[in-house]
Amino acid sequence: MAIRFALAFLLLFISPGLTRVARADEVAATEARQVLAPTGVLRVALYPGTPTSVVSPTDLRELGKALALRLGVPFRPMIFAKNADVLDAIKTGRADAAFTNASAQRATDMDFTQPYLAIELGFLASAKSSIAASSGVDRPGVRLGVTANSSSDATLSHDLKQAQLVRVETVASGTQMLSAGTLDVYATNKATLFEMADKLPGARILDGSWGVERHALAVPKGRDRGLAFARAFVADVVASGLVKQAADRAGLRGAAAGPPP
């Protein structure tokens, strides 16, 4: 009897506190929903041209669906042919979220959470190229392909001194140019390079890396009040193993060792 009385007495104090916490969580979720999905659906911009999106038209779009579920709104995928179009959709607010490389340059046009995935950056040499190491890339006469307006474009156009930088519209175009011999090397994250190499007999990924891509959840500028919710979501999907499961299903290769920095 005394124990039951003590428990009942404690609940008089604990229950109102729990109720206030639950209500506070509900208010926070409602505000996040209004900020992050202002149209009442979560419009997630996707580019299926590389495996680092983790999601693709043939996959379950795990991360986007999980975020929509957390917000309590329908999930609407928006598929774009070029990654530049994904970035423009976030920049202009036509899309509400994207899972993409969080570069300093892109951060001027959109806001990012902490990274959920890190991918090494590297070079893929064609079967017709004599280049044997990453150190041999930046030399006169080397035609180095990058996806136009990508983070690789922004970085290497500044860092390269002698190689000829060739901008192409899509990864698929870059693969075709490597096969035709109109490019010697292609630069991007290694996950993409592995997929390109699968289609190019004799092509090889050169040893070493020239950096790391940190992939994060991107949202349009001006949605600051939803960032805490978005960051908590990313922390949860990393801790729960959802990101790793999605990456494993996609056959992702080239991920940097250890947790995302």
Peer 1: If you measure from OG1 on Thr108 to NZ on Lys91, what distance do you get to the nearest 0.5 Å?
Peer 2: 7.5 Å

Peer 1: Val44 and Val237: same hydrophobic cluster, using ILVMFWY side-chain contacts below 4.5 Å?
Peer 2: yes

Peer 1: What's the separation between atom CZ in Arg143 and atom CE in Met177, rounded to the nearest 0.5 Å?
Peer 2: 8.5 Å

Peer 1: Would the distance check show the side chain of Thr92 and the main-chain N or O of Asp88 forming a donor-acceptor pair, the cut-off being under 3.5 Å?
Peer 2: yes

Peer 1: Considering only heavy atoms from C-beta outward, does the side chain of Asn101 approach that of Ser151 to under 4.5 Å?
Peer 2: yes

Peer 1: Identify whether the distance between the nearest side-chain nitrogen and carboxylate oxygen of Asp111 and Arg223 falls below 4.0 Å.
Peer 2: no

Peer 1: Applying salt bridge (Lys or Arg N to Asp or Glu O under 4.0 Å), can you list everything that pairs with Arg76, at least two apart in sequence or on another chain?
Peer 2: none

Peer 1: Can you list the other members of the hydrophobic cluster that holds Leu144, where links are side-chain heavy atoms under 4.5 angstrom apart?
Peer 2: Leu121, Phe123, Ile131, Val137, Val142, Val146, Leu156, Leu160, Leu165, Val185, Leu206, Trp210

Peer 1: Indicate if Leu36 and Met110 have the same hydrophobic cluster label, given that clusters are the connected sets of ILVMFWY residues with side-chain heavy-atom separations under 4.5 angstrom.
Peer 2: no

Peer 1: When you compare the side chain of Arg167 with that of Ser157, does any pair of heavy atoms fall below 4.5 Å?
Peer 2: yes

Peer 1: Would you call Ile205 and Phe194 a side-chain contact if the rule is heavy atoms closer than 4.5 Å?
Peer 2: yes

Peer 1: Sequence neighbours left out, what passes side-chain hydrogen bond (donor to acceptor under 3.5 Å, both in side chains) with Ser209? Give chain and number order.
Peer 2: none

Peer 1: Quick one: does Asp198's side chain get under 4.5 Å of Arg253's, heavy atoms only?
Peer 2: yes

Peer 1: Could you pull out all residues at least two apart from Asp236 that satisfy salt bridge (Lys or Arg N to Asp or Glu O under 4.0 Å)?
Peer 2: Arg70

Peer 1: Using 0.5 Å steps for rounding, measure from the NZ atom of Lys199 to the OG atom of Ser179.
Peer 2: 11.5 Å

Peer 1: Side-chain heavy atoms nearer than 4.5 Å, only ILVMFWY residues, links allowed to pass through others: does that put Ile90 and Leu63 together?
Peer 2: no

Peer 1: Working to the nearest 0.5 Å, report the span between OG1 of Thr175 and CG of Leu178.
Peer 2: 6.5 Å

Peer 1: Determine whether the side chains of Tyr186 and Thr147 contain a donor N or O and an acceptor N or O closer than 3.5 Å.
Peer 2: yes

Peer 1: Do Thr100 and Arg106 meet the criterion of a side-chain donor-acceptor pair at a distance under 3.5 Å?
Peer 2: yes

Peer 1: Could you tell me which non-hydrogen atom of Val212 sits nearest to which non-hydrogen atom of Ala118, and how far apart they are?
Peer 2: CG1-CB, 3.9 Å

Peer 1: How about CG on Asn149, more than 12 heavy atoms from neighbouring residues, nucleotides or ligands closer than 6.0 Å, or not?
Peer 2: no

Peer 1: Just grab all the side-chain hydrogen bond (donor to acceptor under 3.5 Å, both in side chains) pairs involving residues 121-139, residues at least two apart or on different chains.
Peer 2: none

Peer 1: Residues in side-chain contact (heavy atoms from CB on, under 4.5 Å) with Leu69, at least two apart?
Peer 2: none

Peer 1: May I ask you to check whether Ser173 and Thr170 show a side-chain donor-acceptor distance below 3.5 Å?
Peer 2: yes

Peer 1: Any side-chain heavy atom of His215 within less than 4.5 Å of one from Tyr116?
Peer 2: yes

Peer 1: Are any side-chain N or O atoms of Arg43 and backbone N or O atoms of Arg94, one a donor and one an acceptor, separated by less than 3.5 Å?
Peer 2: yes

Peer 1: Does Asp109 have more than 12 heavy atoms from other residues, nucleotides or ligands lying within 6.0 Å of its CG?
Peer 2: yes

Peer 1: Answer yes or no: is there a side-chain heavy-atom contact under 4.5 Å between Leu124 and Arg204?
Peer 2: no

Peer 1: Identify the heavy atoms of Pro220 and Ala95 that sit nearest to each other, and give their distance.
Peer 2: CG-O, 3.4 Å

Peer 1: Is it true that the side chains of Thr192 and Asn189 contain a donor and an acceptor less than 3.5 Å apart?
Peer 2: yes

